[in-house]
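I have placed the structure first, in the form of structure tokens, so that the comments after it can refer back to it.
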Amino acid sequence: TKPKEPELPLFFGWFLLPEEEERIKCATMDFLKTLDTLEAFKEHISEFTGEAEKAVDLEQYFQNPLPLHCTTKFCDYGKTEGAKAYAELQVVKESLAKSDELSVTALIVTPRTFGARVALTETQMKLWPEGADKEGVAPTLLPSVEALPAGSRAHVTLGCAAGVEAVQTGLDLLEILALQKEGKEGTQVEMDLGTLSYLSEGRWFLTLREPITADTNFSSFSE
Ligand code: A2P
């Protein structure tokens, strides 16, 4: 009999250690709590609720079933392009179960997703697949994404609105970064954590004054 091929996971990524996950969840929930009380946010509330006067409880609005992580390669058990090649990379095999520190430099909130932008180090970029930034990006957004530095899509999904898939977080982040680059930032509000900017259509971006670091383990994930 042929030896069984090792199975490919749903995805690879850096997973926050449990105590780090709690810390980040608390800090980011506090931010959401403050955000939905801000006048600037309330002015654009209809972009979340579809109605001008309705309030929104952002902590309830965003749900997240998976452990907090930053995806490097989505393999879908081998169905995605390059999944096997990625799993076989020496750097991937050597990194498995190794700990690493991630640096979160910004938070994003849109009517679809809540996420944390991750600034990858040069070493971490070795685990970031070539072309990962533009995978599944709409053709109209592609030129702007290609103009961003590699690794711009790196993020941790903190939550999704009902019926929205996690893959949307990276796409929302790229859209925001592209708008920023075009100088399309609107209202800016100073908050304890940093500067909040509005980028039309319910998109908010908080640049953290100090990056939030989190200890992680590089690992694969299957359900
Ligand atoms: P993200 O990395 O933005 O959080 P799901 O639960 O939908 O199967 O997704 C599992 C994980 O893989 C999530 O972390 C998700 O998004 C990521 N993911 C899902 N689909 C893709 C995709 N097409 N490209 C990149 N990452 C994906």
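As the structure is a computational prediction, the values presented were derived from the model and not from experiment. Each ligand, and each atom within it, is numbered from 1 in the order the structure gives.
Here the protein heavy atom with the shortest distance to atom 18 (N) of ligand 1 is Phe74 CD1, 3.4 Å. Looking only at protein heavy atoms, the nearest one to atom 2 (O) of ligand 1 is Thr71 OG1, 2.6 Å. When only non-hydrogen protein atoms are considered, atom 8 (O) of ligand 1 lies nearest to Leu10 CD2, 3.9 Å. With respect to atom 22 (C) of ligand 1, the closest heavy atom belonging to the protein is Val167 CG2, 3.3 Å.
Under a cut-off of 6.0 angstrom, the local environment of CD in Glu130 is sparse, with at most 12 non-hydrogen atoms contributed by other residues, nucleotides or ligands.
Judged by distance alone, with hydrogens and angles left aside, the side-chain atoms of Thr34 form a donor-acceptor pair with the main-chain N or O of Asp30 at under 3.5 Å. In terms of modelled atom types and a separation under 3.5 Å, the side chain of Asp76 and the main chain of Gly78 share no donor-acceptor contact. Between the side chain of Ser152 and the backbone N or O of Pro149, at least one donor-acceptor pair lies under 3.5 Å. Side chain of Arg153 to main chain of Ala132: a donor-acceptor pair is present (N/O by atom type, distance under 3.5 Å, no hydrogens or angles). Between the Gln124 side chain and the Glu101 main chain, a donor and an acceptor come within less than 3.5 Å of each other.
When only interatomic distances are considered, the shortest N/O to N/O separation between Thr157 and ligand 1 falls below 3.5 Å. Checked against a 3.5 angstrom limit, the closest N/O atoms of His155 and ligand 1 fall inside it. For ligand 1, the polar-atom distance check finds no N/O of Gly170 at less than 3.5 Å from any of the ligand's N/O atoms. Remark: ligand 1 and Thr169 share no N or O pair separated by less than 3.5 Å (distance only, no angle test).
Contact annotation: for Glu135 versus ligand 1, there are no heavy atoms closer than 4.0 Å.
The heavy atom nearest to atom 7 (O) of ligand 1, out of those in Lys73, His69, Glu165, is found in Glu165. Nearest to atom 16 (O) of ligand 1 by heavy-atom distance, out of Ala166, Gly136, Cys160, is Ala166.
Residue Leu66 has at least one heavy-atom neighbour below 4.0 Å for each of these atoms of ligand 1: 6 (O), 10 (C).
Relative orientation of the Phe11 and Phe221 rings is parallel, given thresholds of 30° and 60° on the angle between their planes. Using bins of under 30°, 30° to 60° and over 60° for the plane-to-plane angle, the ring pair Phe12/Phe218 lands in the parallel bin.
Protein heavy atoms are found less than 4.0 angstrom from atom 4 (O) of ligand 1.
No hydrogens or angles considered: a donor-acceptor pair under 3.5 Å links the side chains of Glu185 and Ser197.
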